[in-house]
Amino acid sequence: MTAESEIDRGASVDKPTAKPARSLGYHRAFDSMFAEELNFVRARWEERSLRREACDSAPFDERELRGLALSGGGIRSAAFCMGVLQRLHIAGVIDRLHYLSTVSGGGYTGASLTWFLTQKANGGRRFGTGPENFPFCGGDAAGERNAVETPRLRTAAPVDGRAVLDYIRQRSSYLNPGAGFTMISASAIMLRSVLTSILAFTLLIAVVLTPLLQYKIFDLPAERFGLSLPAPFGHVDKLTWPTLIAAGLLLLLGLSIVIYSLVSGLPQVAERAYAWRRGYQIAAGRVLATALALLLLGLLAETIEYVSVRGLPLTGKDSVAFGGASTALGAIGGLAARAARVVPSGIVKRAIMTVLPPAALLLLVTGLGFLGHALALRAIGYGTAGIAGLMVGTAIYCIWTNINLTGLHRFYRDRLMESFMPDPGGIKDDEQAASTSADECYLADCCRKEDDGPYHLINTNIVLLGAGKARFRSRGGDSFVLSPLFCGSEATGFIETRRWLPGPARLAITRRHGSLALPTAMAISGAALNPRAGGDGKGPTKGGAISALLNLLNLRLGYWLPSPRKIDQGGAMLAYRAAPNFILPGLFQGLFGFRHNEEAHWLELSDGGHFENTGIYELVRRRVPTIVFADGSTDPEIALASFANALEKIYIDFNVTVTFDETADFTRMMRGMDSIKDVLSERLNFSDAGFAIGTIHYRATADRPACEGKLFYVKSTMVRKLPTALYSYKASNPLFPAESLADQFFSEQQFEAYRALGFALTAAMMEHIDSDWKDNVRKRPRLRAERAERDKFALADHLDLPYSWGSAKARWRAGARPSTPAGP
């Protein structure tokens, strides 16, 4: 297959022509939203063309859309993607992108690029995607800071670009940046988050227990029912109404089994067997769940009673100490269970993850119960005033406390912002930013018509464990995109960003719409630690004891936001007049999982990698024919699990497949595939290549014909012909380039190693494409006479990922010569 035919096949997507149907800035379906989005992307492209010479920009064509996807993977992926961006910029590719799709760690770098493209550099000139104003100027793969010397670019790299890159590289340990922020600071914030949540749930338990204790619901003599409890509860002479009701429900459930068996032979039942079975199964499940909840409440009362008869008083300091100790042990156990997830797989880890989370949850719930019991008794002791004070105090604290601001999200978000989005004017001072104007850089104000760069899609996951649709429910979520024009998902619809989110003010009437900040969107996309969610929709945090612990301790990096659909239906509804709090949605949706679905008023957004970790999904949804994909995900065995998950989802949802050429197959990126077997290869476990080139097969739809595109895939792996320093770093750090995601405290050397790897592998891919094109040109005599003219073209034009040689040649003959950077 020739390079010409191969590239031509990737540029045949028909453009949608339908006018978008708007409904007050809300679109229920993706197609109508995309039509409006595409018009915006076109307008940005045409506005950019007006600012430049005619030969400096190709005309906009929806059939030749180009996108760059930056994968998740924490700070490791951010560094790797930085190198990829630099090399693509030198090739002129960044200047020709329409879309940038980022997930998690790749979004650190992607959001940083979007931020700087809205800013002015020193001297008042704007940052852009040209050779003279790119914010992340790059030298060669070794990272020289001096003048850049390449066939394409012979000019000194801008001081601003070098300074930006140095600033970020030297602050890659973003959670421990110094200047007053240390691991002690992070620990203090985590402690604040835990204690805030413990206080809230203690108050809520006290409110529930107060009427039960006041009206002696727990004081039900066992002798009245002729019962005597066996040892070790022989000294307990009281049952509880919750226990009695639970026993009654269980008895009712048992009787239903007998009744169900007896009536199963009736003709009427046989005729309606399915409907009756289904109704019975649903009812039986709800009865059992209610009985178990009441038994838990009764067990708490029985435990308190048992401790009492053993000599520990129910009031006073001893009871509080007992509950506090149990709560503390449960919280410590929960933190330990979270930390144990990074322990290498094995029998020890399985044992820890099997025993520790349930034990920690039991201790935590027991402790909270004792603390709530003691607080309820104290309130009852003060009479009506005490009870009223408890009720009012609990309502004020639990409703007024914003769980988005009191959890870990805000600390994580602020540290990322300070490291990746500094004020350009303060970069030369080389100090840790005390504040940055990025804090008020709203997503709706990014990617404006006057800004260079691609349109940014920030990928997140919406938690939908209780979704009405089986597809969302089985995956545990759906792709939820945050972008400057629209935010939303297939499950919730898409709302115009400017009229969506309320701002930081408490009351809806004082909130500013469209106030979702770019740093907040970046942090949501990287919210890897979150209950009811896990990588690629899997993992222990998706449910069970660990998820319950994370909810009770408020250990979440995710974010609660109002539903686009509900905002469109009712505007500033009552549910949004208070901030997301410990009652709504924290208690009912967060802890109990009630209405954790697409119909809820509040939506929980988490790491985009909890749905799909590559960023490819949303580009394929838009039928982008040319996709460059930088993969810095967690993949120590190079099993390509995230990529496989993306391929599965785009096939199931869009009927799109990807195939690879034999000369650039993705299996060559797997560890140990190096064709040369020597000591160095065996010691460093080389892959045969760090890139792959595939063909995207778009099937025909109702309004679009079938077509093909190209996927250029760069993977962080060790290969031959890398800078020497990388082999030395690999020998000293055997896990490189797949060090643990738990390591978010990169050194300058560590960041540079991943950046240099991304730069080198991308350069190798571009060289492969170039040599492949030249080989095919030599086989075609009619093009030999024009090779001199071809040499005038920039790499991005004569390989020009989406353009064929024929189209580039036609544009040259027409007088619109492809751009080449100016010399010194």
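Note that the structure is a prediction, hence the values are computed from the model and not measured. We're numbering straight along the sequence, starting at 1.
Annotation: side chain of C441 is in contact with side chain of W115 (closest heavy-atom distance under 4.5 Å). Using a 4.5 Å heavy-atom cutoff, the side chains of M417 and L518 are not in contact. Taking 4.5 Å as the limit, some side-chain heavy atom of I524 sits within range of a side-chain heavy atom of L561. Residues L465 and K542 are in side-chain contact: their nearest non-hydrogen atoms beyond the backbone lie under 4.5 Å apart. Under the 4.5 Å side-chain criterion, counting only non-hydrogen atoms from C-beta, T196 is in contact with T401. Residues L195 and L191 are in side-chain contact: their nearest non-hydrogen atoms beyond the backbone lie under 4.5 Å apart. Side-chain contact between T520 and L443 is absent, with no heavy-atom pair separated by less than 4.5 Å.
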Could you walk me through whether T114 and I458 pass the side chain to side chain contact (heavy atoms under 4.5 Å, CB included) test, one step at a time? CA-CA 11 Å; T114 297; I458 301 176; over 6 Å; no
F611 vs Y617, test: ring pair (Phe, Tyr, Trp, His ring centres under 6.0 Å). Steps then yes/no. CA-CA 10 Å; F611 177 80; Y617 184 89; 5.0 Å; yes
Show your reasoning for whether side chain to side chain contact (heavy atoms under 4.5 Å, CB included) applies to H373 and L375. CA-CA 5 Å; H373 182 271; L375 184 59; over 6 Å; no
Report the C-alpha separation of T460 and V481 in whole Å, then their side-chain angles, then the decisive distance to 0.1 Å, and conclude whether the side chain to side chain contact (heavy atoms under 4.5 Å, CB included) test is met. CA-CA 6 Å; T460 71; V481 173; over 6 Å; no
Would L550 and R556 satisfy side chain to side chain contact (heavy atoms under 4.5 Å, CB included), going step by step from the backbone distance to the final call? CA-CA 7 Å; L550 294 179; R556 55 162 38 91; over 6 Å; no
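Both tests do not hold together for R76 against F80: distance to the six-membered ring centre under 6.0 Å, angle to the ring axis within 45°.
Using a 3.5 Å distance cut-off with no hydrogens or angles, the side chains of S479 and E618 do pair a donor with an acceptor. Judged by distance alone, the side chains of S606 and N461 do bring a donor and an acceptor atom under 3.5 Å apart.
Considering every non-hydrogen atom in both M421 and S112, the closest pair reads CE-N, 4.4 Å.
Atom CZ of F201 sits about 9.5 Å away from atom CG of L364, to the nearest 0.5 Å. A distance of 10.5 Å separates CG of N551 from CG of L361, quoted to the nearest 0.5 Å. The CG atom of L647 lies 11.0 Å from the CD1 atom of I652; values are rounded to the nearest 0.5 Å. Between atom NE2 of residue H409 and atom OG of residue S193 there is a gap of 12.5 Å, rounded to the nearest 0.5 Å. The line from CH2 of W500 to CG of L516 is 6.0 Å long, rounded to the nearest 0.5 Å. We find the CD1-CG distance between I462 and L603 to be 4.0 Å, quoted to the nearest 0.5 Å.
Legend: salt bridge (Lys or Arg N to Asp or Glu O under 4.0 Å) pairs involving residues 399-413, not counting sequence neighbours, sorted by first then second residue: R413-D439. Residues in residues 465-477 take part in these side chain to side chain donor-acceptor pair (under 3.5 Å) pairs, two or more places apart or across chains: R471-E490, R475-D653. Within the structure, the side chain to side chain donor-acceptor pair (under 3.5 Å) test picks out the following pairs touching residues 522-534 (sequence neighbours left out): N530-E604.
Residues passing the side chain to side chain donor-acceptor pair (under 3.5 Å) test with D478, sequence neighbours excluded: none. With sequence neighbours left out, the side chain to side chain donor-acceptor pair (under 3.5 Å) criterion links S642 to no other residue. Take L249 and apply the side chain to side chain contact (heavy atoms under 4.5 Å, CB included) test, not counting sequence neighbours, and it matches I245, V287, T290, A291, L294. Among residues two or more places apart in sequence or in another chain, the side chain to side chain contact (heavy atoms under 4.5 Å, CB included) test is passed with L288 by L250, L253, L292. Partners of T202 under the side chain to side chain donor-acceptor pair (under 3.5 Å) rule, at least two apart in sequence or in another chain, do not exist in this structure. Not a single ring pair (Phe, Tyr, Trp, His ring centres under 6.0 Å) links H456 to another residue, sequence neighbours left out. Scored by the side chain to side chain donor-acceptor pair (under 3.5 Å) test, E599 finds R565 as partners (sequence neighbours excluded).
Counted within 6.0 Å of CE on M391, heavy atoms from surrounding residues, nucleotides or ligands total more than 12; the atom is thus considered enclosed.
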Output side-chain donor-acceptor pairs under 3.5 Å for residues 579-591, partner residues at least two apart or in another chain, one line each.
unit_1	atom_1	unit_2	atom_2	d
N581	OD1	I583	N	2.9
N581	OD1	L584	N	2.7
N581	ND2	I399	O	3.3
N581	ND2	A579	O	2.9
N581	ND2	L584	O	3.4
Q589	NE2	W602	O	2.9

Enumerate, atom names and distances included, each donor-acceptor pair closer than 3.5 Å involving a side-chain atom of residues 103-110, sequence neighbours excluded.
unit_1	atom_1	unit_2	atom_2	d
S104	OG	D607	OD2	3.0
Y108	OH	Y412	OH	2.7
T109	OG1	A78	O	2.7

